[in-house]
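Taking it in order: structure first as structure tokens, then the write-up.
Heads up: numbering here begins at 1 and tracks the sequence.
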Amino acid sequence: MERSVVLKDTVLLFDRYTADSRRLHESFLRAGGGCSAVVLEENHFLPAGVLSVYDMFLGYFEEEGECLGKPKFFNEIPVPDHWSIQAGVSETDYGRITYQHEEKGRIHYWKSEKKWLVESVDWFDRKGAVRFRDHYNRYGMICARTFYNGQEKELGKTWFSAGGQEAITENAVTGDLIVNDGALIKFFRKKMDMICYFFQRAGIEQKKIFYNSLANPFVVSGRLSAPAKRDLLFWQEDVKDAVPGNMQAILGGQASRTNRVMVQKRSAYDRLMELGVNPDQVQRLGYVYDFKKENGHRPQALICTNSERIEHGEELIQSFPQMHFHIAAVTLMSPKLMDMERYENVSLYPCVQADTLDQLFLQCDYYFDINHWTEIVSAVYWAFLHNQLVFAFEETAHNREYTADAHVYPKEAFAQMAADVKEIMKSRKKMEHHLKLQLKDAMAEEKETYAGLLD
């Protein structure tokens, strides 16, 4: 085993590093950061500071927070002399490694803003069949290799330690796993058994585990012994007709390490209360947000849309000649939408570029979530982060978690919306009051709340 990964006293355990996982992780970081983030999914391109469960065993690719490498660029793949590497072929999203016009390998890329970073490479035999796949990580190292039988059926997979030694071998046919742990050779029938072994080797049983899924993270928590019930479930999903089964086990005292639930969606918390859960065991808890600016009470409004259907759009523009409306789309705009530029208080941004959109979020202090069809560029969330006061119709609202209930109207109540906006525009005090309503309904938290959970 490589140099051991040292986990902090609190471990955030995720199935996958989703947007909600990231928000929870960042909330703890903003509160002081005394926690480790571990992901059960095998993922070789996690952000810095986030570990895959495999990293806990395979060892560090970092020293004192400093990376020992960077993602491999396509032309950095080692190949024999006289072989050629092409980044992309025509409209394909993969690269090719060739020798005398014969394809020897195929490069698959990591989906990121920077192009041509290598995620894996398939190597072919002389018949053109894939025989093995090299998996690269964010440090440019080969961290695993998958083997195939010549008919592209997987035979097994081997993971390599940070030092390059074979550390884990999985038989794809039987599901058995072999772990080389120093002088010990460990056999496992199931991957979950191996994962729990890794956690026990890292001493996680004496730590607090905060997890956000009732699937595998709940299983891990339940299989570890504990001196007390110190673990917490952070519930980030909706609740429908009944309390989820594993959550019932927690609330009923049947979970060995967990007896409290932190609910991170307002609608989910309200539904759990309707279903009669014990409020002493369930607590509302939002996120600590990194707000980009203060609201300047300027008469500048933003609308992001890929649809020409903007509910009461022209009436809104006509009702507020003192308000300048910026309407942005990531696509071309229809003639109907382009016609709105005849109003002096309207600016249109078809095929808007990212830097222009960033500037609009900074420039505007109101956001109208009144476009039909889908939301684009996570506009309501970004409006919230920029302290824009968000208004919406019930028929058009896209992300209700970030819009105060008091600012969502049925479309028949346009006159009331317009009257409320006019009153707010007259008074900075009223603007501040309504921004506080927005923060309250979005469950924005103070850093001290999260810091208290780490004690």
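Heavy atoms only, all atoms of each residue included: C304 and A379 are closest at CB-CB, 3.9 Å. What you find for L58 and A167 is that their closest heavy atoms are CD2-CB, 3.5 Å.
A donor-acceptor distance shorter than 3.5 angstrom exists from the side chain of Q438 to the backbone of V390, with no hydrogens or angles considered. Between the K157 side chain and the A144 main chain, no donor and acceptor come within less than 3.5 Å of each other. Of the possible polar contacts, one joining the S161 side chain to the Q165 backbone as a donor-acceptor pair under 3.5 Å is found.
Among residues two or more places apart in sequence or in another chain, the side-chain hydrogen bond (donor to acceptor under 3.5 Å, both in side chains) test is passed with Y109 by none.
Using a 3.5 Å distance cut-off with no hydrogens or angles, the side chains of E41 and S52 do not pair a donor with an acceptor. Side-chain N/O atoms of T396 and E311 include no donor and acceptor closer than 3.5 Å. Using a 3.5 Å distance cut-off with no hydrogens or angles, the side chains of Y289 and Y402 do pair a donor with an acceptor. Residues E42 and W159 have side chains that bring a donor and an acceptor to within less than 3.5 angstrom of each other. A side-chain donor from one of D134 and W123 sits under 3.5 Å from a side-chain acceptor of the other. With hydrogens and angles left out, the side-chain atoms of Y197 and D181 include a donor and acceptor closer than 3.5 Å. For the residue pair H44 / Y136, no side-chain donor-acceptor distance below 3.5 Å is found, with atom types taken as modelled. Side chains of S307 and N371: a donor-acceptor N/O pair is absent below 3.5 angstrom, by distance only.
Using cut-offs of 30° and 60° for the angle between ring planes, the W382 and F361 rings count as tilted. Between F234 and F28, the ring-plane angle classifies as perpendicular under the 30° and 60° cut-offs. Using the six-membered ring where Trp is involved, F198 and Y54 have ring planes that are perpendicular, over 60° apart on the 30 and 60° scheme.
Using a cut-off of 4.0 Å between Lys/Arg side-chain N and Asp/Glu carboxylate O, R400 and D405 are scored as salt-bridged. Classification of R106 and D122 as a salt-bridged pair fails, no side-chain N sitting under 4.0 Å from a carboxylate O. Look at K111 and E119 and you find no salt bridge, because none of the NZ, NE, NH1 or NH2 atoms lies under 4.0 Å from a carboxylate O. Between K190 and D193 there is no salt bridge, since no side-chain N of the basic residue sits under 4.0 Å from a carboxylate O of the acidic one.
Using a 4.5 Å cut-off on side-chain heavy atoms (C-beta onward), K104 and E102 make contact. Looking at heavy atoms from C-beta onward, L385 lies out of side-chain contact with D290 at the 4.5 angstrom threshold. Counting heavy atoms from C-beta outward, F199 and M56 have side chains that approach closer than 4.5 Å. Under the 4.5 Å side-chain criterion, counting only non-hydrogen atoms from C-beta, N212 is in contact with S21.
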For this session: Take D9 and K208 through the salt bridge (Lys or Arg N to Asp or Glu O under 4.0 Å) test and state the conclusion after the steps.
Result: CA-CA 6 Å; D9 289 338; K208 291 188 288 188; over 6 Å; no

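Test V277, V282, L272 against M247 for side chain to side chain contact (heavy atoms under 4.5 Å, CB included) and you get one pass: L272.
In summary, the aromatic rings of F384 and F291 are positioned with their centroids under 6.0 Å apart.
Taking the centre and axis of the six-membered ring of Y287, the NZ or CZ atom of R30 falls outside the cone set by 45° and 6.0 Å.
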